[in-house]
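Everything below concerns the one structure shown next.
We're numbering straight along the sequence, starting at 1. The structure displayed is predicted, hence computed values, not measured ones.
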Amino acid sequence: RYLGARYDRSGDRGVMKVKEKQRNSRMCIICGMDNDKGVKAQFYSMEDGSVMSLFRFRPEHQSYPARTHGGMITAMLDELGGRAYWAEFDTDTYAVTTVLETKFRKPVPYDADLVGYGKVVRNSINFYQAVAEIRDKSGAVLASAQLKYLKLDPKKIADADPRDEMFYYIADDIAEI
């Protein structure tokens, strides 16, 4: 079952409006702009409260030839689930992953345009649950995840405040995905 209304069963993709662009970090393997080996993915808060990303894995993220490593795929799904909270609620809340169940449906290529999607499906005072997907440009689901997060004060997550890492805002002209 698909998580959002943007794709019909034939795989045709509709479009959704971008509400705002999210910030990037310095060294995160997925969104870190100073990480030479990272994906450098950009994330967008969407009009339906979801988060989306247009990104490409690179050859450095390979497992078997022409395939992205499952750890990188899982890291992207985790990032989508984490950022889904910021898309629907607020960017001051930080959380850590407590459960992550990944389903690998088809090989995920590198050097190919991919679409990431994440959405909060349950929210409480201390926890939230999200779903995430990676699709190819035709709309085929390549990998999906169900995730659970524990909300924490940023000072309890690391010695340094993670908000200090989230200072890159990269403007672009993407208005719909």
Note to self: Nearest 0.5 angstrom please: Phe57 CZ to Ile134 CD1, how far?
What the structure shows: 4.5 Å
Notebook entry, point to check: Shared ILVMFWY cluster between Ile30 and Trp86, side chains joined below 4.5 angstrom?
Noted result: no
Notebook entry, point to check: Hey, quick one: are Val99 and Leu147 part of the same hydrophobic cluster, counting side-chain heavy atoms closer than 4.5 Å, chains of contacts allowed?
Noted result: no
Check: Can you check side chain to side chain contact (heavy atoms under 4.5 Å, CB included) on Ser53 and Arg83, steps first, answer last?
Finding: CA-CA 10 Å; Ser53 180; Arg83 285 174 173 271; over 6 Å; no
Note to self: Quick one: does any side-chain atom of Lys106 pair with a main-chain N or O of Arg135 as donor and acceptor, under 3.5 Å?
What the structure shows: no
Margin query: For the CZ atom on Arg67, are there more than 12 heavy atoms of other groups (residues, nucleotides or ligands in this structure) within a distance under 6.0 Å?
Written below: no
Notebook entry, point to check: Any side-chain heavy-atom pair from Val39 and His61 closer than 4.5 angstrom?
Noted result: yes
Notebook entry, point to check: Is any side-chain heavy atom of Tyr117 closer than 4.5 Å to a side-chain heavy atom of Val51?
Noted result: no
Margin query: Just verifying a value: how many Å separate Thr74 OG1 and His69 NE2, rounded to the nearest 0.5 Å?
Written below: 9.0 Å
Notebook entry, point to check: For Gln22, does the CD atom sit with more than 12 other heavy atoms under 6.0 Å from it, leaving out its own atoms?
Noted result: yes
Next item on the list: Specify whether Tyr128 and Tyr85 have parallel, tilted or perpendicular ring planes, treating 30° as the upper limit for parallel and 60° as the lower limit for perpendicular.
Entry: tilted
Checklist line | For the student: nearest non-hydrogen atoms of Ala84 and Lys119, plus distance | finding: CB-N, 3.6 Å
Margin query: Let me check something: do Val115 and Leu142 share a hydrophobic cluster, defined by ILVMFWY side-chain heavy atoms less than 4.5 Å apart, either directly or through other members?
Written below: no
Notebook entry, point to check: How many angstroms lie between atom CZ of Phe55 and atom CD of Glu79, to the nearest 0.5 angstrom?
Noted result: 11.0 Å
Notebook entry, point to check: Salt-bridged, Asp113 to Arg56, with N to O below 4.0 Å?
Noted result: yes
Item checked: Contacts of type side-chain contact (heavy atoms from CB on, under 4.5 Å), residue Glu101, not counting sequence neighbours -> Lys103
Checklist line | Note, Met76 side chain near Val108 side chain (heavy atom, < 4.5 Å) | finding: no
Next item on the list: State plainly whether one hydrophobic cluster holds both Leu114 and Phe43, where clusters connect Ile, Leu, Val, Met, Phe, Trp and Tyr through side-chain heavy atoms under 4.5 angstrom apart.
Entry: yes
Checklist line | side-chain contact (heavy atoms from CB on, under 4.5 Å) partners for Ile170, two or more places apart | finding: Lys21, Asn24, Met33, Gln42, Tyr168
Margin query: For a 4.5 angstrom cut-off between non-hydrogen side-chain atoms, does Pro59 reach Asp111?
Written below: yes
Item checked: Flag, side chain of Lys17 to backbone of Ala175, donor-acceptor distance under 3.5 Å -> no
Notebook entry, point to check: Looking at Ala143 and Ile73, what are the two nearest heavy atoms and their distance?
Noted result: CB-CG2, 3.6 Å
Margin query: Is there a side-chain contact between Val96 and Tyr149 in this structure, where contact means two heavy atoms from C-beta onward sitting under 4.5 Å apart?
Written below: no
Next item on the list: Could you tell me whether the side chain of Tyr44 reaches within less than 4.5 Å of the side chain of Glu20, counting heavy atoms only?
Entry: no
Notebook entry, point to check: How long is the span from the OG1 atom in Thr68 to the CD atom in Glu60, to the nearest 0.5 Å?
Noted result: 11.0 Å
Check: Looking only at heavy atoms, which two atoms of Ala132 and Gly81 are closest? And how far apart?
Finding: CB-N, 4.3 Å
Next item on the list: State whether the side chain of Lys40 and the backbone N or O of Asn35 hold a donor-acceptor pair below 3.5 Å, judged by distance alone.
Entry: yes
Notebook entry, point to check: In Å, rounded to the nearest 0.5 Å, how long is the span from CG of Asp78 to CD1 of Ile29?
Noted result: 13.0 Å
Check: Does one hydrophobic cluster hold both Leu80 and Tyr110, with members joined at side-chain heavy-atom distances below 4.5 Å?
Finding: yes
Margin query: Measuring only between side-chain heavy atoms, which start at C-beta, is Ile177 closer than 4.5 Å to Met46?
Written below: yes
Margin query: Tell me every residue that passes side-chain contact (heavy atoms from CB on, under 4.5 Å) with Ser25, counting only those two or more places apart in sequence or in another chain.
Written below: Cys28, Cys31, Glu165, Met166
Check: Hey, does Leu54 have a side-chain heavy atom less than 4.5 Å from the side chain of Ile174?
Finding: yes
Note to self: Return the OG to CD distance between Ser45 and Glu47, rounded to the nearest 0.5 Å.
What the structure shows: 12.0 Å
Margin query: Looking at Ala145, is its backbone amide N or carbonyl O close enough to the side chain of Thr102 to form a donor-acceptor pair, meaning the two atoms are under 3.5 Å apart?
Written below: no
Note to self: Are more than 12 heavy atoms, taken from residues, nucleotides or ligands other than Lys148, located less than 6.0 Å from that residue's NZ atom?
What the structure shows: no
Item checked: Heavy-atom closest pair, residues Asp36 and Arg58 -> O-NH2, 2.6 Å
